[in-house]
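Quick note: numbers below take in every heavy atom, side chains included, and nothing from hydrogens, waters or symmetry partners. Each chain gets a letter, A, B and so on, in the order the sequences are listed, and its residues count up from 1. These numbers come from a predicted model, not from an experiment.
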2 protein chains.
Amino acid sequence: MAIVPKKRVLPYIILGILKLNSQMTGSEIDAEFQHEIGEFWQTTHSQIYPELKRMVADQWIGQETSSQDRKQKWYHLLPAGEHQLQNWLTEPLTPSTDDEFPLKVFFIQDQSSPILYQLLTQELQIHQAKLTHLTQRMTTLFDHQTCQTANFGHYLILQRAIERETNSLQWLETMLKQLDG
Amino acid sequence: MAIVPKKRVLPYIILGILKLNSQMTGSEIDAEFQHEIGEFWQTTHSQIYPELKRMVADQWIGQETSSQDRKQKWYHLLPAGEHQLQNWLTEPLTPSTDDEFPLKVFFIQDQSSPILYQLLTQELQIHQAKLTHLTQRMTTLFDHQTCQTANFGHYLILQRAIERETNSLQWLETMLKQLDG
DNA sequence: AGATACATGTAACCTGTTACATGATTAA
DNA sequence: TTAATCATGTAACAGGTTACATGTATCT
């Protein structure tokens, strides 16, 4: 299990949100994190506003302080940002604990998107590797009944982890079959 | 979904490890995080050593710079630390993303521990609430076929999340039945 | 004796959280 | 007009990661 550097995903989520909606204010983006995105990723406006500022500076997004309405600023995706988003979506998934998979899938709109297929395949491999690792761990640690009773909690969660991975694999395989057919 | 302050768990994990092994050096504790605990929680020696220092100062653990052997220091659990560990294990689980459940279960040694039953029950309620929430979300967002195809990715992960919760609930119920019987 | 690995420790950095702050708009 | 809320922003803090540093065994 190689050590993988933690990736920053917040900017890409914001880009994804902007792609889906095309013209938004900061607080509208914030609202997304309280609702749908919030199921998978949490943040607050204290992170969003500085991030928007940075992305404007980097020309990933454009800002329009338009209209007479309040002090609101409207943001929209720029080509560079679109490019960054595509990069993030297609770059390899890593077996991290903070699950990037649902996050990326969230931004796939089209069922026939090649990126979707790619994501499912990558995720499948990750879970296969994990399952192999876990079952191996299980046999080396708990082949004797005595070990199970001596460290019951450890045994339980390992068993649970294996079941979870199995379930994930089942789902991924079903999905891939559906897309193929 | 109430907002819950993030809890610091590292010290309690270390206490748990020390409870299981009773006499350990810093690097031995570090090794645990590379092996079994590493499945559920990651950290490095840069966090462990200062944490050990703090816990020695707080009298949660004792330190012995014994023997002629190296510069090694041996740590062991003190009553105050034992107490802190028990507190952590029994305090209510929160529906956080970073899963405390497997972490706490890991440290349960005895199958008949009342804490195990408590943890399973708490986790059951959390997952029930989450499942209810997710299914509700599903019906409000995707009751029409058109919505599914327009935002296929979103639909997919919501479906997956529901399946995952269902699977978790099944497992938890099975376990609770086994403990009862 | 020199090189390598081990055990411990510290410092700089990055990111996310909490709390505070300001103007502008709506409600009473 | 005052109070409450909304939209935006900043500052202080806390926690974890990466990189650096030091001394001590072990190996050749």
Side-chain angles (χ1 to χ4, degrees), chain A residues 1-14 17-18 21 23-35 37-38 40-57 61 63-75 94 96-98 100 103, chain B residues 1-14 17-18 21 23-35 37-38 40-57 61 63-75 94 96-98 100 103:
Chain A
M1 293 263 148
I3 291 162
V4 175
K6 287 215 170 180
K7 270 181 278 176
R8 187 170 161 70
V9 297
L10 181 59
Y12 305 105
I13 304 177
I14 295 177
I17 294 173
L18 278 176
N21 299 51
Q23 277 288 103
M24 298 178 87
T25 67
S27 63
E28 280 174 339
I29 294 172
D30 182 51
E32 287 289 313
F33 281 97
Q34 312 314 318
H35 305 141
I37 305 278
F40 316 100
W41 204 266
Q42 340 263 334
T43 191
T44 60
H45 73 272
S46 316
Q47 265 191 287
I48 295 167
Y49 287 117
E51 198 60 52
L52 287 170
K53 200 174 172 182
R54 187 194 64 74
M55 289 197 287
V56 169
I61 60 179
Q63 188 192 57
E64 272 153 41
T65 173
S66 73
S67 81
Q68 78 295 357
D69 205 352
R70 295 194 176 185
K71 224 182 174 175
Q72 287 180 332
K73 294 172 185 172
W74 294 87
Y75 297 94
T94 51
S96 63
T97 20
D98 295 329
E100 283 185 307
L103 215 44
Chain B
M1 293 268 149
I3 293 162
V4 175
K6 288 216 169 179
K7 270 182 278 178
R8 189 170 161 71
V9 296
L10 181 60
Y12 305 105
I13 304 177
I14 295 178
I17 295 173
L18 278 176
N21 299 51
Q23 277 288 101
M24 299 177 88
T25 67
S27 64
E28 281 174 340
I29 294 172
D30 182 51
E32 287 288 312
F33 281 97
Q34 313 312 321
H35 304 141
I37 305 278
F40 316 101
W41 204 265
Q42 340 265 333
T43 191
T44 60
H45 73 271
S46 316
Q47 269 191 283
I48 295 167
Y49 287 119
E51 199 60 53
L52 286 169
K53 200 174 171 184
R54 188 194 64 72
M55 290 198 287
V56 169
I61 60 179
Q63 188 192 58
E64 271 154 40
T65 175
S66 73
S67 81
Q68 78 297 354
D69 204 350
R70 293 192 181 192
K71 224 181 175 178
Q72 287 181 331
K73 295 171 183 172
W74 295 86
Y75 297 94
T94 52
S96 63
T97 19
D98 294 330
E100 283 185 307
L103 215 44

Does the side-chain contact (heavy atoms from CB on, under 4.5 Å) test come out yes or no for B/E28 and B/W74, once each step is laid out?
CA-CA 10 Å; B/E28 281 174 340; B/W74 295 86; 3.8 Å; yes
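- A/Q47 and A/P50 make their closest contact through O-CD, 3.4 Å (heavy atoms, listed as atom of the first residue, atom of the second, distance).
- Between the C1' atom of D/dA14 and the CD atom of B/E51 lies a distance of 12 Å, rounded to the nearest Å.
- Across all non-hydrogen atoms, the minimal contact from B/Q34 to B/T43 is NE2-O, 3.8 Å.
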Could you list the protein-to-nucleotides 8-11 of chain C atom pairs, N/O on both sides, closer than 3.5 Å?
unit_1: C/dT8; atom_1: OP1; unit_2: B/K73; atom_2: N; d: 3.3
unit_1: C/dT8; atom_1: OP2; unit_2: B/G26; atom_2: N; d: 3.4
unit_1: C/dT8; atom_1: OP2; unit_2: B/S27; atom_2: N; d: 2.5
unit_1: C/dT8; atom_1: OP2; unit_2: B/S27; atom_2: OG; d: 3.3
unit_1: C/dT8; atom_1: OP2; unit_2: B/Y49; atom_2: OH; d: 2.7
unit_1: C/dT8; atom_1: O5'; unit_2: B/Y49; atom_2: OH; d: 3.2
unit_1: C/dG9; atom_1: OP1; unit_2: B/K73; atom_2: NZ; d: 2.2
unit_1: C/dG9; atom_1: O6; unit_2: B/H45; atom_2: NE2; d: 2.9
unit_1: C/dT10; atom_1: O4; unit_2: B/S46; atom_2: OG; d: 3.2

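- Across all non-hydrogen atoms, the minimal contact from B/W41 to B/F33 is O-CD2, 3.8 Å.
- Atom CD of A/Q42 and atom P of C/dT18 are 11 Å apart (whole Å).
- Nearest heavy atoms, A/H45 versus A/D30: N-OD1, 3.5 Å.
- As rounded to whole Å, 17 Å separates atom P of D/dA7 from atom CZ of A/F33.
- Atom CD1 in A/I14 sits about 10 Å away from atom P in C/dG16, given to the nearest Å.
- Rounded to whole Å, atom C1' of D/dA7 lies 10 Å from atom CG of A/D30.
- We find that CE of A/M24 is positioned 16 Å from C1' of D/dC6, with the value rounded to whole Å.
- Here the straight-line distance linking atom CD1 of A/I14 with atom CD1 of A/I61 works out to 7.5 Å at 0.5 Å rounding.
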